[in-house]
Amino acid sequence: MTDLKEGVCLSAFWYSHEQCCWTSNETTFEDRDKCPLWQKWSELLVNQSEGASAYILNYLMYILWALLFAFLAVSLVRVFAPYACGSGIPEIKTILSGFIIRGYLGKWTLLIKTVTLVLVVSSGLSLGKEGPLVHVACCCGNFFSSLFSKYSKNEGKRREVLSAAAAAGVSVAFGAPIGGVLFSLEEVSYYFPLKTLWRSFFAALVAAFTLRSINPFGNSRLVLFYVEYHTPWYMAELFPFILLGVFGGLWGTLFIRCNIAWCRRRKTTKLGKYPVLEVIVVTAITAISAYPNPYTRRSTSELISELFNDCGALESSQLCDYINDPNMTRPVDDIPDRPAGVGVYTAMWQLALALIFKIVITIFTFGMKIPSGLFIPSMAVGAMAGRMVGIGVEQLAYHHHDWIVFRNWCRPGADCVTPGLYAMVGAAACLGGVTRMTVSLVVIMFELTGGLEYIVPLMAAAVTSKWVADAFGKEGIYEAHIHLNGYPFLDVKDEFTHRTLATDVMRPRRGEPPLSVLTQDSMTVEDVETLIKETDYNGFPVVVSRDSERLIGFAQRRELILAIKNARQRQEGIVSNSIMYFTEEPPELPANSPHPLKLRRVLNLSPFTVTDHTPMETVVDIFRKLGLRQCLVTRSGRLLGIITKKDVLRHMAQMANQDPESIMFN
């Protein structure tokens, strides 16, 4: 569908440009893109392939197809599955931390996200498919969990399945099974025991194996960007690699700040009320600006693939238009460094324009109401910057091989510098600057490209970009979006070092109304229904009596509502003044009194409790490790108050000298 914007294959319209020309016998080596079966829109409609009118017609068709795809995508998301927009990783992180977003991993979200992902990537917008594929995989994981009662009844077990699903998602997106497991461990998961580690590994392995057997690219590879470089790297090259790391960190910081500012503006102004119009406008601007430049016209994955490529003797790309030495008699794959030709200089300024365009447009694209990943645009920004640096270093080494830096390792006539490697390192640096990944990033990059001996340059760039970006702010793009959307998420990476106690944080505080509680044997059905109607709490502590306040357990709001509704329908004699009992056996009642309602089964008899003198450091740790939503505070068995996850987050904001009321929980 990406190629459909430029033309159509006459033998089979579902073939891409490359597949269309595979079978043709009339393709020559020089014009390998041209074959009679593939026709541009101008050739098909007005039978002209060259000239201004043909160019304008192709230009218009490109824009129209892009707008059609984008409009279809945003309409489907808006009508059928509003949760299918965005990357999905911030929400998955929040769900894995113990918060429930109902419907986020539902069947409609899965179906619509899968369809619209194809449409938005084909429309040529500056976004990737990798982040959303993690969301899609988690939807599948959630669907399969619901089929087995062991997982559907137990939230903790379900979260383990979702961790494994996230690993499988990255495994498929990048063809990187080990990278996927490490991504789930480092970036997505909240609690990751060893058992989950090997299960995630197995899930990622099966996902990669299935992908390999389908062979989506027709080249027996799991990825688009497979590369083979023939030269090692040298110590002197670490300096440009580290510079690329600094660039990646600065770009990550710039992107996060600008993107969050724009998304906040979208939330707080009228802009947010017109999601379809916004997508149409951004798509139109993208298509109009992208078509004239050959590097932005093609799909981003193809662009990255070309930037990663080493220039062999058979390359037809402009980036490989070097001036050849006529006397050269060397093996084909070991071509020495050569002076740049006209094509390389043209490519350089086109890449520079493409780089600026990508940097700006991605800020406005990520966060719109369509599925949008961030991996591929970030890698494209880094790969363009890296390739330009690589060509610069290569020409420097060619023209000044007697400099002290190059003298030891770069003799005239040798193949010293591989510009494609710089593109790979730049891509890793920019991705690291935006997401703050380190270990998983390096593993994904070398699995993605097959460049095993380049781990050290990749590590140097990833670590540098993380350090530089962390100097401006600790949050990666996903944490920033979690805060922007107001999800109650306790970040495992933050340390809590203050010396406050549970009694400082618990509700009710002095001067606030007392805690809403249920008693074990003195409240009627009507009392409880009134309490549920007047409050919006998630659940209620159950005590012996209002005088003793001795804690017995905790009853969830949903389960109470369901139990009362079922009892009214199925049990005879349950009326509004029936007394509710949470005890083992209700006492003998006088003959004329209404039937009692026994609700012992909905009571959680072991709610999580801490004493009022427990340090908040311990409480925060408990909330993180167990993914709790609330915790009761007692003294000698008497109930004093409750601490919820939101109370903990407000307290942490207060301790960091922020306004606790500024944390919006949607």
task = Flag this pair as yes if the NZ/CZ of Arg158 is under 6.0 angstrom from the six-membered ring centre of Tyr151 and inside a 45 degree cone about the axis; otherwise no.
result = no
ask   = If you look only at pairs with a residue in residues 349-377, which of them pass as a side chain to side chain donor-acceptor pair (under 3.5 Å), with sequence neighbours excluded?
value = Ser126-Thr362
ask   = Any side-chain donor-acceptor pair under 3.5 Å between Glu6 and His17?
value = no
key: Ring geometry between Tyr55 and Tyr59 (parallel below 30°, tilted from 30 to 60°, perpendicular above 60°)   = perpendicular
request  = Check ring pair (Phe, Tyr, Trp, His ring centres under 6.0 Å) between Tyr83 and all other residues, then give those that pass, not counting sequence neighbours.
outcome  = Tyr104
key: Partners passing ring pair (Phe, Tyr, Trp, His ring centres under 6.0 Å) against Trp41 (at least two apart in sequence or in another chain)   = Trp65
note = Contacts of Cys263 meeting disulfide (SG to SG under 2.5 Å) (sequence neighbours excluded), chain-then-number -> none
query = Hey, is Glu479 close enough to Arg436 for a salt bridge, meaning N to O under 4.0 Å?
reply = no
remark   = Across all chains, not counting sequence neighbours, the ring pair (Phe, Tyr, Trp, His ring centres under 6.0 Å) partners of Phe143 are none
ask   = Looking at Glu187 and Lys93, does any basic side-chain N land under 4.0 Å from a carboxylate oxygen?
value = yes
note = Contacts of Phe496 meeting ring pair (Phe, Tyr, Trp, His ring centres under 6.0 Å) (sequence neighbours excluded), chain-then-number -> His498, His651
request  = Tell me whether the centres of the aromatic rings in Phe174 and Phe183 are closer together than 6.0 Å.
outcome  = no
